[in-house]
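Data block below; observations after.
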Protein chains: 2
Amino acid sequence: MKKDVKNVSMAVIRRLPKYHRRLKELMDKDVTRISSKELSVMIGFTASQIRQDLNCFGGFGQQGYGYDVAELYGEISRILGLTGEYNTIIIGAGNLGQAIANYSNFEKKGFHMLALFEKNPRLIGLQIRDVPVLDIDELESFCADKKIDIGVICTNKESAQDVADTLIKLPVKAIWNFAPADIQVPESITLENVHLSDSLYIISYLLKMNEME
Amino acid sequence: MKKDVKNVSMAVIRRLPKYHRRLKELMDKDVTRISSKELSVMIGFTASQIRQDLNCFGGFGQQGYGYDVAELYGEISRILGLTGEYNTIIIGAGNLGQAIANYSNFEKKGFHMLALFEKNPRLIGLQIRDVPVLDIDELESFCADKKIDIGVICTNKESAQDVADTLIKLPVKAIWNFAPADIQVPESITLENVHLSDSLYIISYLLKMNEME
DNA sequence: TAGATTGTTAATCGATTAACAATC
DNA sequence: TAGATTGTTAATCGATTAACAATC
């Protein structure tokens with residue numbers, strides 16, 4: 001039973017990876033079925049919210065029984081697009097770029113890391129796992145005959161917008177931005193930011209609040 | 001004019017780092033004043049929301065004038081606790097741990113990286129900037145005479161909960177978790193997760209949605 | 001002073017939770 | 001069948017937006 005999935009709010013979407021992760025844990029423990037009630041205890045959302053969330057995409061459960069863990073995991077994988085294949089390039093082969101290239105789980109989920117691009121000559125020529133570090137000047141020629149889905153920005157904030165503009169021209173469909181900058185992209189491009197400093201500043205805020213009490 | 005700041009929602013708090021970043025950009029461009037209207041155009045929140053957000057913490061603006069950029073930046077820095085000093089340790093000295101230790105802006109904001117801890121003997125003894133990579137077995141003794149505010153988990157998901165438990169015992173006040181795992185911590189500990197795969201999966205979802213249209 | 005823009009209250013919108021009939 | 005638990009509607013709660021008096 002598929003639903004019109006167009007109008008699902010981002011609040012719901014952003015919870016899906018957590019369901020995905022938790023269901024994987026259950027599978028690893030050979031748990032085959034789970035109720036929204038049990039899941040709510042382990043995941044920290046209300047049972048009501050879990051049922052609401054899942055029903056945005058279809059009725060995956062069974063009254064009186066609950067949800068089949070493997071089936072639900074498969075459905076969420078599909079909803080998240082993890083059954084697809086995505087060509088990915090990384091701009092900036094510093095520690096962060098290398099960390100992402102090294103993370104083999106992404107490859108397993110269909111995110112193919114084709115290459116890293118770098119301007120620092122000391123890094124050009126390296127291999128991260130089996131991913132080559134190429135000269136940034138080779139970016140256009142390398143991508144000329146390829147369809148690139150995702151461009152990952154792992155540069156400093158000063159270069160971020162220029163790199164984004166280059167990626168948009170290639171074109172890429174999505175930009176995953178790790179630079180601590182707010183980059184501008186056309187509406188047609190998916191932009192997802194990972195602002196590490198934002199996250200650290202929230203910790204700082206919460207620490208300060210705790211001390212005030 | 002200080003307000004009782006206890007009840008400010010996390011929705012507001014999580015926008016503060018963005019204000020902070022954007023105001024810094026304005027200062028770098030020598031912009032000295034800005035209205036909520038102008039800021040709304042550059043930041044993408046409504047002017048109304050900006051004024052509401054800021055007024056959770058006090059009246060920083062002036063009718064008919066707007067906000068003094070430098071003053072507002074200072075206030076938000078203070079609200080975020082960026083005027084404090086935080087002792088920080090990193091567990092796991094792989095690429096990600098090294099990337100964080102290398103990010104000198106954190107040091108500038110008062111997050112002092114004291115050491116990385118690692119079990120891989122190849123990495124023990126390295127220096128990242130001036131931060132030493134120590135044997136994980138030295139963790140307790142190293143921290144015995146220090147007050148550690150933040151512990152950063154940069155291990156794989158299998159080790160994450162064990163490392164968290166060790167950090168809690170030290171104790172640390174906050175855990176910044178980069179492992180793709182949902183770790184359990186007591187309520188008194190601040191936990192902030194950076195789940196990179198969650199972020200990538202959202203991209204995957206949005207790419208799939210775009211293709212369906 | 002007149003114009004501009006805030007701070008704040010009220011209205012609206014959206015997300016979460018509660019309740020329960022449907023049904024396995 | 002009786003018990004359990006979903007799917008879904010209705011109620012509540014919280015966050016965002018609109019409006020405007022206060023005031024610089």
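Everything numeric here is computed off the predicted structure, so don't read it as measured data. The basis for the numbers below is simple: all heavy atoms, side chains too, and nothing from hydrogens, waters or symmetry mates. Each chain gets a letter, A, B and so on, in the order the sequences are listed, and its residues count up from 1.
- Taking atom CG on B/Asn7 and atom P on D/dG14, their separation rounds to 11 Å, with Å as the unit.
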- Item | Dot-bracket notation for DNA chain D, counting Watson-Crick and G-U pairs under 3.5 Å, with | for partners on another strand | ..||||||||||||||||||||||
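- Both B/Ile34 and A/Ser9 lie close to DNA chain C; mapped to their nearest nucleotides by heavy-atom distance, the more 5′-ward contact belongs to B/Ile34.
- OP1 and OP2 of C/dG7 both lie 4.0 Å or more from every side-chain N or O belonging to B/Arg51.
- Within a 6.0 Å radius of NZ in B/Lys37, other residues, nucleotides and ligands contribute 12 heavy atoms or fewer.
- A close approach under 4.0 Å does not occur between any side-chain nitrogen or oxygen of A/Gln63 and OP1 or OP2 of D/dA4.
- Between A/Phe60 and A/Tyr67, the ring center distance fails the sub-6.0 Å criterion.
- Take the nearest nucleotide of DNA chain C for B/Gly66 and for A/Phe45: the residue whose nucleotide is more 5' is B/Gly66.
- Put simply, the side chain of B/Lys173 never gets that close to the backbone of A/Leu207: no donor and acceptor are under 3.5 Å apart.
- A straight line from CZ of A/Phe57 to C1' of D/dG7 spans 15 Å, rounded to a whole angstrom.
- In this structure, A/Ser36 does not reach the D/dT5 phosphate: none of its side-chain N or O atoms is under 4.0 Å from OP1 or OP2.
- Heavy-atom neighbours of A/Lys119 NZ from other residues, nucleotides or ligands within 6.0 Å: at or below the threshold of 12.
- The NZ atom of B/Lys37 sits 17 Å away from the P atom of D/dC20 (whole-angstrom rounding).
- Straight-line distance from the CD atom of A/Gln49 to the C1' atom of C/dA15: 8 Å, rounded to whole Å.
- The separation between B/Asp53 atom CG and D/dG14 atom P is 17 Å, rounded to whole Å.
- Remark: A/Arg15 is in phosphate contact with C/dT16, judged by side-chain N or O atoms under 4.0 Å from OP1 or OP2.
- If you take CZ of B/Arg14 and P of D/dG14, they are 18 Å apart, rounded to a whole angstrom.
- One can place CZ of B/Phe60 at 12 Å from C1' of C/dG7, the figure rounded to the nearest angstrom.
- Classification of the B/His20-A/Tyr201 ring pair by plane angle, with boundaries at 30° and 60°, yields perpendicular.
- Residue contacts for B/Ser48: at a heavy-atom cut-off of 4.0 Å it reaches a base atom on one of the strands shown.
- Judged by atom type and distance alone, A/Gln52 reaches the base of D/dT9 through a side-chain donor-acceptor pair under 3.5 Å.
- The side chain of B/Thr46 contributes an N or O atom lying less than 4.0 Å from OP1 or OP2 of D/dT17.
- Figure legend: cation-pi geometry between A/Lys108 and A/Phe106 absent, as NZ or CZ is not positioned both under 6.0 Å from the six-membered ring centre and within 45° of its axis.
- The aromatic rings of A/Tyr19 and A/Phe45 sit perpendicular to each other, their planes meeting at more than 60°, with 30° as the lower class boundary.
- Across all strands shown, A/Tyr67 has heavy atoms under 4.0 Å from sugar-phosphate atoms exclusively, and none from any base.
- When atom types are taken as modelled, the side chain of B/Lys146 and the backbone of B/Phe142 share a donor-acceptor pair closer than 3.5 angstrom.
- Taking atom OH of A/Tyr65 as the reference point, atom C1' of D/dG3 lies 16 Å away to the nearest angstrom.
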